[in-house]
Amino acid sequence: MKKVIIETLKKRKWTILFQTIFLGINAYLLTIPPQIIGRIVDMLYDIENNKQNILNNTYYLIGICIVLLLVRITWKYFETINVRKSERDIKVNLFKRFLKLKLKEIQNIKNGEIMSYFVKDINEIRSTIFRISNHGVRIVFTFIIVIFQMVKNVNMNLTIAVMIPIIIACYSVVKIKKYVEKSFKKSQDRFTEMSEYIQESTDSIRTTKAYSCEGEQLKEFIRKNRKVKQSNNTVEVFSNLLKMSLNICFGMCYSISLLYGSKLVLDGKITVGDLITFNGYIALFVGPVNWLPQLVARFKRAQISYKRLEKVYELELEKVNTKNNLLEDKLEGNIVIKDLSFNYPGVLDKSLENINIEISKGETLGIIGTIGSGKTTLMNILTRLYNIPNGKIFIDGKDINEIPIIKLRNNICYITQDNFLFSSTLKDNISLFKDEYEDDEIKESTQKAIVYEDIQKMPKGINTVIGERGGDLSGGQKQRVAISRAFLKNSSILIFDDTFSALDNKTSEKLIKNIKELSEEKTCIIISNKISDVKSSDKIIVLDNGKIVERGKHEELIYNNGIYNEFYKQQSEKVEPSFLA
């Protein structure tokens with residue numbers, strides 16, 4: 001994460017430099033108006049003789065104000081560029097990081113937590129970096145320039161006396177900041193918890209409505225929201241305590257200036273105009289003094305956010321080579337699996353045990369089994385979503401671990417059982433946002449997936465925007481839209497993981513026939529719990545508790561008294577409705 005921030009700031013180095021220069025100019029120009037006002041006050045004792053000088057100083061004051069305005073506009077312009085572009089760069093980098101994470105790493109992070117990274121944590125880091133580059137630099141410039149002007153133009157002893165309350169204020173900030181850090185961390189955790197709950201609630205809105213659980217959901221949200229409010233209130237209490245301490249110290253500065261300064265005036269060591277100038281200088285400390293607790297509080301918040309994001313950057317990445325020649329390199333699709341056993345990280349029980357499979361190019365493998373038997377796990381391994389030892393899976397005679405991931409996945413079209421659809425147009429969902437496909441190719445893919453007629457009935461056809469996760473489509477439509485990706489992508493290996501569950505038998509048969517034609521020169525794997533989906537496969541295996549318990553063709557397996565036969569009997573027994581005439 002540190003490297004990302006440094007690289008982001010390096011990209012903005014010139015605009016940051018210009019911003020800093022104009023901040024310094026602004027700090028210096030702010031010390032001029034108090035001097036002018038002080039001179040004018042001293043000249044008021046003899047207005048008649050000093051009328052022209054008073055007028056000239058007034059013009060000078062107006063000119064300085066105009067220059068200050070131009071300087072502020074310029075500095076704000078550079079600040080806006082730095083803030084927004086840096087935020088964009090950090091978010092893009094984090095998003096790329098998530099896309100490259102191994103599946104075992106990202107599946108342990110909740111959606112609400114991910115949103116918190118992008119919304120709250122990055123905002124805290126971005127805000128802190130540029131508040132330091134803005135307020136922090138202004139504090140330094142103000143203290144250096146103003147103290148120098150106080151000593152040079154007014155009185156050193158008065159300056160030292162006024163600095164004592166400011167030093168006390170700084171000490172107060174150091175003492176109180178640890179409470180700000182502790183309370184903010186608690187607030188951050190509560191916010192993440194509420195974000196996760198909101199995400200889960202919106203994802204499960206149909207279930208909530210179906211079971212009339214709106215009241216319970218609302219009560220739980222109110223409870224979590226109350227915790228967020230309480231933790232935020234605690235943060236505000238300590239933040240306001242910081243501000244109050246500084247305001248008291250600031251009031252003491254004015255008191256010292258008026259009491260001690262008045263004595264110096266009476267002793268003839270400074271003029272009334274000098275005292276007014278000095279009070280004007282003190283006023284310049286108002287901003288920096290008030291910014292100091294904010295900077296401390298924000299810095300502590302940013303530290304917490306930084307540590308949270310740092311954990312993301314410590315997660316293991318997939319080693320992906322994106323060279324063009326790998327994208328164009330094709331696999332034949334001959335798959336051999338030898339004595340494969342697998343258990344998920346942190347789990348002792350094996351999900352797969354002693355799996356041996358051989359599939360040649362042009363063949364279709366059907367996989368059937370009960371829920372949790374290891375069907376999807378096997379496909380996740382085949383696409384290298386999880387790592388396995390060498391010598392277990394070979395494609396075209398080459399160990400799968402030696403095949404670059406980008407090449408492997410570019411040659412596999414995996415239609416998963418969740419049928420995930422994006423909140424975008426149907427065209428984007430089918431092409432997966434790639435511009436390489438022609439409209440005719442997309443049309444043909446929807447026809448073969450038997451969803452073309454349904455799309456034509458929609459308001460804007462293929463350009464119709466569907467809701468989040470395809471909420472505007474039926475279950476069968478979502479599956480067929482996902483299946484159309486297989487007809488569009490020119491892959492050597494096709495995997496359909498329980499893809500026909502929401503389809504009626506007639507539609508499934510048509511689709512499987514089209515898939516058979518598509519996979520004549522490809523390797524095809526069909527995973528299903530329905531006999532009708534796998535019966536025409538060249539080879540069929542039956543998985544149970546992670547083991548292959550049966551293998552063969554449909555005709556062979558139905559005569560065995562095994563799991564396949566049980567599936568066949570259960571699915572063959574249909575109750576025909578009868579109607580009286």
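All figures in this text were calculated on a predicted structure; none of them were measured in a lab.
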Return yes if a side-chain donor-acceptor contact under 3.5 Å exists between [X] and [Y], otherwise no.
X: Asn401; Y: Asn390; result: yes
X: Ser491; Y: Asn411; result: no
X: Asn343; Y: Asp349; result: no
X: Thr425; Y: Asp428; result: yes
X: Ser201; Y: Gln217; result: yes

Minimum heavy-atom distance between [X] and [Y], given as atom pair plus value:
X: Ile337; Y: Ile355; answer: CG2-O, 3.5 Å
X: Asp89; Y: Lys11; answer: OD2-NZ, 3.3 Å
X: Asn356; Y: Ile548; answer: O-CD1, 3.7 Å
X: Leu543; Y: Ser373; answer: O-CB, 3.5 Å
X: Ser484; Y: Ile430; answer: OG-CG1, 3.4 Å

TODO: Just grab all the salt bridge (Lys or Arg N to Asp or Glu O under 4.0 Å) pairs involving residues 446-461, residues at least two apart or on different chains.
DONE: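 Qualifying pairs, neighbours excluded: Glu444-Lys448, Asp454-Arg480.
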- [ ] Not counting sequence neighbours, list each pair that qualifies as a salt bridge (Lys or Arg N to Asp or Glu O under 4.0 Å) and has a residue in residues 531-546.
- [x] Glu363-Lys539, Lys516-Asp538
TODO: Check the pair Lys427, Ile442 against side chain to side chain contact (heavy atoms under 4.5 Å, CB included), reporting the backbone distance first and the verdict last.
DONE: CA-CA 7 Å; Lys427 181 179 179 180; Ile442 296 174; 3.7 Å; yes
Close side-chain approach of [X] and [Y], heavy atoms under 4.5 Å:
X: Ser536; Y: Thr364; result: no
X: Ile540; Y: Leu365; result: no
X: Leu378; Y: Leu340; result: yes
X: Glu220; Y: Glu216; result: no
X: Ile198; Y: Glu193; result: no
X: Ile515; Y: Phe487; result: yes
X: Cys413; Y: Ile495; result: no
X: Tyr414; Y: Asn380; result: yes

In terms of side-chain geometry, is the basic nitrogen of [X] or [Y] positioned less than 4.0 Å from the acidic oxygen of its partner?
X: Glu509; Y: Lys506; result: no
X: Lys307; Y: Glu310; result: no
X: Asp399; Y: Lys392; result: no

Open item on the list: Can you confirm whether or not the ring centre of Tyr344 sits under 6.0 Å from the ring centre of Tyr386?
Closed with: yes
Is the side chain of [X] donor-acceptor paired with the backbone N or O of [Y] at a distance under 3.5 Å, no angle test?
X: Asn334; Y: Ile395; answer: no
X: Glu556; Y: Lys553; answer: yes
X: Arg485; Y: Asn429; answer: yes
X: Gln479; Y: Thr499; answer: yes
X: Arg384; Y: Ile400; answer: yes
X: Ser492; Y: Leu331; answer: yes
X: Thr464; Y: Gly461; answer: yes
X: Glu550; Y: Ile563; answer: yes
X: Arg551; Y: Val542; answer: no
X: Lys375; Y: Gly369; answer: yes

Rounded at 0.5 Å granularity, tell me how far [atom1] in [X] sits from [atom2] in [Y].
X: Ile527; Y: Ile541; atom1: CD1; atom2: CD1; result: 8.5 Å
X: Asp396; Y: Ile403; atom1: CG; atom2: CD1; result: 7.0 Å
X: Asn565; Y: Tyr559; atom1: CG; atom2: OH; result: 10.5 Å
X: Thr376; Y: Asp497; atom1: OG1; atom2: CG; result: 3.5 Å
X: Ile357; Y: Ile525; atom1: CD1; atom2: CD1; result: 7.5 Å
X: Phe496; Y: Ile512; atom1: CZ; atom2: CD1; result: 9.5 Å

TODO: Assess whether side chain to side chain contact (heavy atoms under 4.5 Å, CB included) is satisfied between Ser341 and Leu352, documenting all intermediate values.
DONE: CA-CA 5 Å; Ser341 295; Leu352 296 171; 5.9 Å; no
Open item on the list: Taking atom CD as the centre, does Glu517 end up with more than 12 heavy-atom neighbours from other residues, nucleotides or ligands that are less than 6.0 angstrom away?
Closed with: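 More than 12 heavy atoms, drawn from other residues, nucleotides or ligands, come within 6.0 Å of this atom.
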Task: Flag if over 12 foreign heavy atoms under 6.0 Å of NZ, Lys224 - done: yes
Taking only residues two or more places apart in sequence, or in another chain, which ones meet [X] in a side chain to side chain donor-acceptor pair (under 3.5 Å)?
X: Asp498; value: none
X: Asp440; value: none
X: Tyr452; value: none

Task: Evaluation steps, side chain to side chain contact (heavy atoms under 4.5 Å, CB included), between Glu332 and Thr523 - done: CA-CA 8 Å; Glu332 289 293 318; Thr523 302; over 6 Å; no
Task: Lys338 NZ/CZ over Phe394 ring centroid, <6.0 Å and within 45° of normal - done: yes
Open item on the list: Apply side chain to side chain contact (heavy atoms under 4.5 Å, CB included) to residues Lys530 and Phe567 and explain how you reach the verdict.
Closed with: CA-CA 8 Å; Lys530 291 162 58 177; Phe567 273 117; over 6 Å; no
Task: ring-ring contact (aromatic ring centres under 6.0 Å, His included) partners of Tyr564, counting only residues at least two apart - done: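 Tyr564 satisfies ring-ring contact (aromatic ring centres under 6.0 Å, His included) with His554 only.
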